[in-house]
Amino acid sequence: MNQINSLPLPYSIKRDGVSITNCDDEPVQTPGCIQDHGMMLTMHPDDLLVSQVSDNCERWTGEPVAALLGRPLAAIIGGPAERRVAHMLTTENLQNNPTYALTVRLPGMRAKADALDLSLHLSDGVLILELEPTGRDAAGSAPAGDYYAMVKQTLTRLRATRTLATFCDATALEMRHVTGLDRVMVYRFHADDSGEVVADAHRADLHSWLGLHYPASDIPKP
């Protein structure tokens, strides 16, 4: 995961290291990190000057965090993409509604790097841009994988289950299929805050954790 950097206020304990003693202090509602496969920018919608950027930005922009903070959005994503963002701010309902804008190649990207899907939304007066490679080409053609169909099939399979146990098993399997993670578990909490793994979909070379029990102290209260 990559931290979101801005003016010097830590948004996450992840930048200082997580331990069993400080997990309870982590603000899980504002984790301060994103998944590493994409990049995030934030700014005020009135001026489109970058106020925050994820630590991994250099991979796509060719520039470190410090060089991007305070820069005009157009200098990072290009003039045509910036105009598309500005247009959507006046024509789309973006409040808490992430919306695909366009597929773009950033000026600092390597020649063979995948184009990035750019989506945006507004949250508490802040404009949030998310960029991730999803297989579209620079003209915006659809990716090879039909993600709408994949999600639709997932929902169909979940609706076909008839018990809580089979629903949990199907949820773990489908989430692993969609995300590509090595392991997906469903965890059940008990009244005393201890818990157990009730479903486990994992890579073939990994051991199953199904049925393992954990004391309450192993799971941070947030």
Side-chain angles (χ1 to χ4, degrees), residues 1-9 11-12 14-15 29-152 178-180:
M1 301 178 81
N2 268 269
Q3 295 161 168
I4 306 299
N5 271 334
S6 65
L7 303 176
L9 258 184
Y11 277 74
S12 172
K14 289 183 175 68
R15 66 179 65 231
Q29 73 279 14
T30 55
C33 295
I34 62 168
Q35 295 295 328
D36 193 38
H37 66 273
M39 182 178 80
M40 180 180 285
L41 304 163
T42 76
M43 64 212 66
H44 195 280
D46 290 342
D47 58 23
L48 298 184
L49 298 177
V50 174
S51 56
Q52 292 178 297
V53 62
S54 53
D55 277 350
N56 61 354
C57 61
E58 191 165 359
R59 184 189 311 173
W60 290 283
T61 66
E63 299 187 74
V65 171
L68 300 183
L69 294 176
R71 293 271 296 280
L73 179 61
I76 299 170
I77 67 173
E82 186 270 345
R83 289 191 289 273
R84 172 64 178 160
V85 168
H87 176 72
M88 291 183 66
L89 281 169
T90 63
T91 60
E92 301 284 345
N93 176 19
L94 301 175
Q95 187 62 41
N96 298 319
N97 180 32
T99 304
Y100 169 76
L102 77 166
T103 300
V104 63
R105 295 189 60 83
L106 305 187
M109 290 177 68
R110 301 186 309 274
K112 294 184 178 180
D114 290 338
L116 302 174
D117 275 3
L118 187 156
S119 62
L120 63 155
H121 70 282
L122 291 166
S123 178
D124 294 330
V126 175
L127 176 62
I128 299 172
L129 269 61
E130 298 172 273
L131 300 98
E132 57 182 318
T134 56
R136 296 177 185 266
D137 60 27
S141 299
D146 187 341
Y147 298 112
Y148 173 76
M150 182 170 64
V151 171
K152 186 176 180 181
V178 169
T179 63

- request: Looking only at non-hydrogen atoms, find the nearest pair between Thr61 and Leu106 and report the distance.
  value: CG2-CD1, 4.0 Å
query: Can any side-chain N or O of Asn56 pair as donor or acceptor with the backbone N or O of Gly38 at less than 3.5 Å?
result: yes
message: Is it the case that over 12 heavy atoms from other parts of the model lie below 6.0 angstrom from the CG atom of Asp124?
response: no
query: Between Thr42 (side chain) and Ser51 (backbone), is there a donor-acceptor pair under 3.5 Å?
result: no
- line: With sequence neighbours left out, the residues meeting side-chain contact (heavy atoms from CB on, under 4.5 Å) with Glu92 are Met88, Leu94
field: Leu120 side, atom CG; Tyr100 side, atom OH - distance, nearest 0.5 Å
entry: 11.5 Å
message: If you apply the rule side chain to side chain contact (heavy atoms under 4.5 Å, CB included), what do you find for Thr99 with Asn93, and how did you get there?
response: CA-CA 9 Å; Thr99 304; Asn93 176 19; over 6 Å; no
- prompt: Minimum heavy-atom separation for Ala86 to Leu48, with atom names?
  reply: CB-CD1, 4.4 Å
- prompt: Does Ser123 reach the side chain of Asn96, with side-chain heavy atoms less than 4.5 Å apart?
  reply: yes
query: Quick one: side-chain contact (heavy atoms from CB on, under 4.5 Å) partners of Asp47, sequence neighbours excluded?
result: His44, Leu49
query: Going from CD1 on Ile128 to CD1 on Ile34, what distance comes out if it is rounded to the nearest 0.5 angstrom?
result: 11.0 Å
query: Closest heavy-atom contact between Cys57 and Pro64?
result: SG-C, 3.9 Å
field: Heavy-atom side-chain proximity of Leu131 to Leu41 below 4.5 angstrom
entry: yes
- prompt: With sequence neighbours left out, which residue pairs that include part of residues 64-88 fulfil the side chain to side chain donor-acceptor pair (under 3.5 Å) condition?
  reply: Glu63-Arg71
- request: Evaluate the side chain to side chain contact (heavy atoms under 4.5 Å, CB included) criterion for residues Gln52 and Met40: first the C-alpha distance (whole Å), next the side-chain angles of each, then the deciding distance (0.1 Å), finally the verdict.
  value: CA-CA 8 Å; Gln52 292 178 297; Met40 180 180 285; over 6 Å; no
message: With rounding to the nearest 0.5 angstrom, report the CG to CD distance, Asp117 to Glu130.
response: 11.5 Å
task: Step by step, work out the side chain to side chain contact (heavy atoms under 4.5 Å, CB included) result for Ile76 and Val53.
output: CA-CA 11 Å; Ile76 299 170; Val53 62; over 6 Å; no
